[in-house]
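Residue numbers run from 1 in the order of the sequence given. Heavy atoms only: backbone and side chains are in, while hydrogens, waters and symmetry mates are out.
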Amino acid sequence: MEKEIKISAYRNNGAKIFTGRDKGIEAREALNLNSLDEETEVVRVLIPSDTWGINPSFFGGMFEGSIKKLGTKFTDKYQFWYSNGDELNESMKRDISDNIAYVIRNISVVQ
């Protein structure tokens, strides 16, 4: 079973990059990720196909709680795709991977 969440509403109008920790936190709350973390379904995160990147602050605001809870299982649970159904390009895959590493580094610094 799989669920889909669209994050396009949390990007500023006309922007090609998701930015801002507050926007990420807003997305986390609105999409009820705390609840999704508890469920068994894979969550497909749909990103607009014209997106250039996701800033680490936005990503951390949205997914830090999930990464803390799920650890290495985060990438099994949350899978990232373009909203048109295409697989992410290499640049976006690297961006997501770098963001996960950034969040993990900052979690270990804080604790």
Side-chain angles (χ1 to χ4, degrees):
M1 206 62 200
E2 191 174 274
K3 289 193 172 192
E4 291 184 343
I5 59 172
K6 295 179 180 178
I7 65 170
S8 56
Y10 307 100
R11 187 173 72 173
N12 292 329
N13 285 341
K16 303 292 186 202
I17 299 173
F18 287 86
T19 60
R21 185 165 183 82
D22 290 345
K23 275 282 200 203
I25 291 168
E26 176 188 333
R28 179 171 187 78
E29 291 171 0
L31 296 168
N32 204 11
L33 296 191
N34 286 335
S35 176
L36 289 178
D37 288 346
E38 301 293 329
E39 297 177 11
T40 57
E41 291 95 349
V42 168
V43 178
R44 186 176 274 217
V45 180
L46 301 178
I47 301 168
S49 57
D50 65 346
T51 301
W52 294 347
I54 300 175
N55 185 284
S57 60
F58 176 91
F59 192 89
M62 186 166 179
F63 291 111
E64 182 178 293
S66 301
I67 292 170
K68 280 181 179 177
K69 179 174 288 207
L70 300 169
T72 57
K73 295 187 185 324
F74 174 80
T75 53
D76 295 331
K77 172 79 175 176
Y78 289 95
Q79 299 178 358
F80 296 84
W81 290 80
Y82 287 121
S83 54
N84 64 5
D86 288 349
E87 189 175 339
L88 297 181
N89 65 32
E90 290 306 312
S91 175
M92 278 301 298
K93 285 181 185 177
R94 200 168 36 255
D95 199 32
I96 301 279
S97 178
D98 289 350
N99 285 337
I100 292 169
Y102 172 84
V103 170
I104 290 169
R105 273 194 314 274
N106 283 297
I107 288 171
S108 52
V109 167
V110 172
Q111 292 178 346

* **Min side-chain heavy-atom separation K23-N55 under 4.5 Å** => no

* To do: Mind checking salt bridge (charged side-chain N to carboxylate O under 4.0 Å, His left out) for E39 and listing every partner two or more places apart, or none if nothing turns up?
  => K3

* Decide, yes or no, whether a salt bridge links K68 with D37 under the criterion of side-chain N to carboxylate O below 4.0 Å. => no

* K77 side chain to L36 backbone, donor-acceptor under 3.5 Å -> yes

* Structure fact -> Closest heavy-atom pair, P48 versus S83, reported as atoms and distance to 0.1 Å, is CA-OG, 3.6 Å

* L70 and I25: same hydrophobic cluster, using ILVMFWY side-chain contacts below 4.5 Å? -> no

* Hey, what do you get for CD1 (I47) to CG (D50), rounding to the nearest 0.5 Å? -> 11.0 Å

* To do: Please check if I17 and L46 belong to a single hydrophobic cluster, counting links between Ile, Leu, Val, Met, Phe, Trp and Tyr side chain heavy atoms closer than 4.5 Å.
  => no

* To do: For the pair F74 and F80, name the ring-plane relationship: parallel under 30°, tilted 30 to 60°, perpendicular over 60°.
  => tilted

* Lys/Arg-Asp/Glu bridge criterion (N-O < 4.0 Å) met for R28, E64 -> no

* **M62 and F18, any side-chain heavy atoms less than 4.5 Å apart** => no

* Asked: Just how far is it from atom CG of D95 to atom CD1 of I100, taken to the nearest 0.5 Å?
  -> 10.5 Å

* Structure fact -> Heavy-atom closest pair (L33 atom, S66 atom, distance to 0.1 Å) is CB-OG, 4.4 Å

* To do: Establish whether Y82 and F63 are linked, either directly or via other cluster members, by ILVMFWY side-chain heavy-atom contacts under 4.5 Å.
  => yes

* Backbone of S49 reached by a side-chain donor or acceptor of D86 within 3.5 Å -> no

* **Gap separating the CG atom of N32 from the CG atom of N34, nearest 0.5 angstrom** => 7.0 Å

* Check whether any side-chain heavy atom of D76 lies under 4.5 Å from a side-chain heavy atom of V42, and answer yes or no. => no

* Structure fact -> For Q79 and T75, the nearest pair of non-hydrogen atoms, with its separation, is CG-O, 3.9 Å

* **Test salt bridge (charged side-chain N to carboxylate O under 4.0 Å, His left out) applied to D98 - qualifying residues, sequence neighbours left out** => none

* Asked: Is the number of heavy atoms from other residues, nucleotides or ligands under 6.0 Å of K73 NZ greater than 12?
  -> no

* Can you find a heavy atom in the side chain of E87 that is under 4.5 Å from one in the side chain of W81? -> yes

* Single-linkage hydrophobic cluster W52~L88, side-chain heavy atoms < 4.5 angstrom -> no

* Asked: Among the clusters formed by ILVMFWY side chains lying less than 4.5 Å apart, do I5 and I67 turn up in the same one?
  -> yes

* Asked: Taking C-beta and beyond as the side chain, do V43 and E41 meet within less than 4.5 Å on heavy atoms?
  -> no

* Asked: Can any side-chain N or O of K6 pair as donor or acceptor with the backbone N or O of V45 at less than 3.5 Å?
  -> no

* **Minimum side-chain heavy-atom gap L31-Y10 below 4.5 Å** => yes

* Check step by step if ring pair (Phe, Tyr, Trp, His ring centres under 6.0 Å) holds for Y102 and F59. => CA-CA 9 Å; Y102 172 84; F59 192 89; 9.3 Å; no

